[in-house]
Amino acid sequence: MKFEIKSRWTGAVIFTADIDCDDGASHGIHLGLAVKVAVKAGANLADADLAGADLAHANLARANLARANLARADLAR
């Protein structure tokens with residue numbers, strides 16, 4: 001399925017990821033999977049709205065998350 005990561009300020013699409021996830025999964029799961037795809041692709045996620053994303057165990061090394069909204073994001077390892 002296609003999932004869009006959007007700007008926290010404008011709502012414009014920053015990155016579109018093709019993720020393999022159950023449609024019934026939470027928004028946080030979908031968003032977390034999309035972020036992992038985006039980071040792998042080298043996408044610039046500055047200013048992204050990542051609120052509530054499930055980023056547990058995500059390797060965010062070298063990810064540009066400047067000014068990204070990470071409120072309620074799960075960053076556990």
Side-chain angles (χ1 to χ4, degrees):
M1 82 182 298
K2 299 282 186 198
F3 189 89
E4 298 175 337
I5 298 173
K6 297 181 179 181
S7 167
R8 71 182 288 192
W9 307 113
T10 67
V13 175
I14 294 174
F15 185 84
T16 301
D18 192 12
I19 61 172
D20 184 21
C21 188
D22 184 88
D23 287 340
S26 71
H27 177 76
I29 297 291
H30 285 110
L31 183 54
L33 290 171
V35 168
K36 291 173 186 177
V37 170
V39 169
K40 237 183 200 182
N44 180 348
L45 297 179
D47 297 318
D49 185 0
L50 305 180
D54 182 350
L55 299 173
H57 305 289
N59 181 353
L60 300 174
R62 297 192 188 106
N64 183 353
L65 301 176
R67 299 171 309 279
N69 180 4
L70 293 167
R72 299 175 318 284
D74 180 358
L75 301 172
R77 277 199 136 317

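Being a predicted model, the structure only gives us computed values, none of them experimental.
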*How far apart are the closest heavy atoms of L31 and A51, and which atoms are they?*
CD2-O, 3.8 Å
*Could you grab the distance from atom CG of D47 to atom OG of S7, nearest 0.5 Å is fine?*
5.5 Å
*Would you say the side-chain atoms of H30 pair up with the backbone N or O of D22, donor to acceptor, closer than 3.5 Å?*
yes
_Ignoring hydrogens, what is the shortest heavy-atom contact between A48 and I5? Give both atom names and the distance._
CB-CG2, 3.9 Å
*Consider only side-chain heavy atoms of I, L, V, M, F, W and Y, link residues closer than 4.5 Å, and tell whether I14 and L60 are in one cluster.*
yes
*Could you tell me whether the side chain of V39 reaches within less than 4.5 Å of the side chain of N59, counting heavy atoms only?*
no
*Compare every heavy atom of F15 with every heavy atom of V37, then report the nearest pair and how far apart it is.*
CG1-CE2, 4.0 Å
_CG-CG distance between D18 and L33, expressed to the nearest 0.5 angstrom_ = 11.5 Å
*Shortest non-hydrogen contact from C21 toward I29*: SG-CG2, 3.8 Å
*asked:* Out of the candidates L70, D49, L50, only one should pair with R8 under the side-chain contact (heavy atoms from CB on, under 4.5 Å) rule; please name it.
replied: D49
*A68 versus L45, closest heavy-atom pair with distance*: CB-O, 4.0 Å
*Euclidean distance, D54 CG relative to D74 CG, rounded to 0.5 Å*: 5.0 Å
*If you look at every heavy atom in G11 and K6, which pair is closest and at what distance?*
O-CD, 3.5 Å
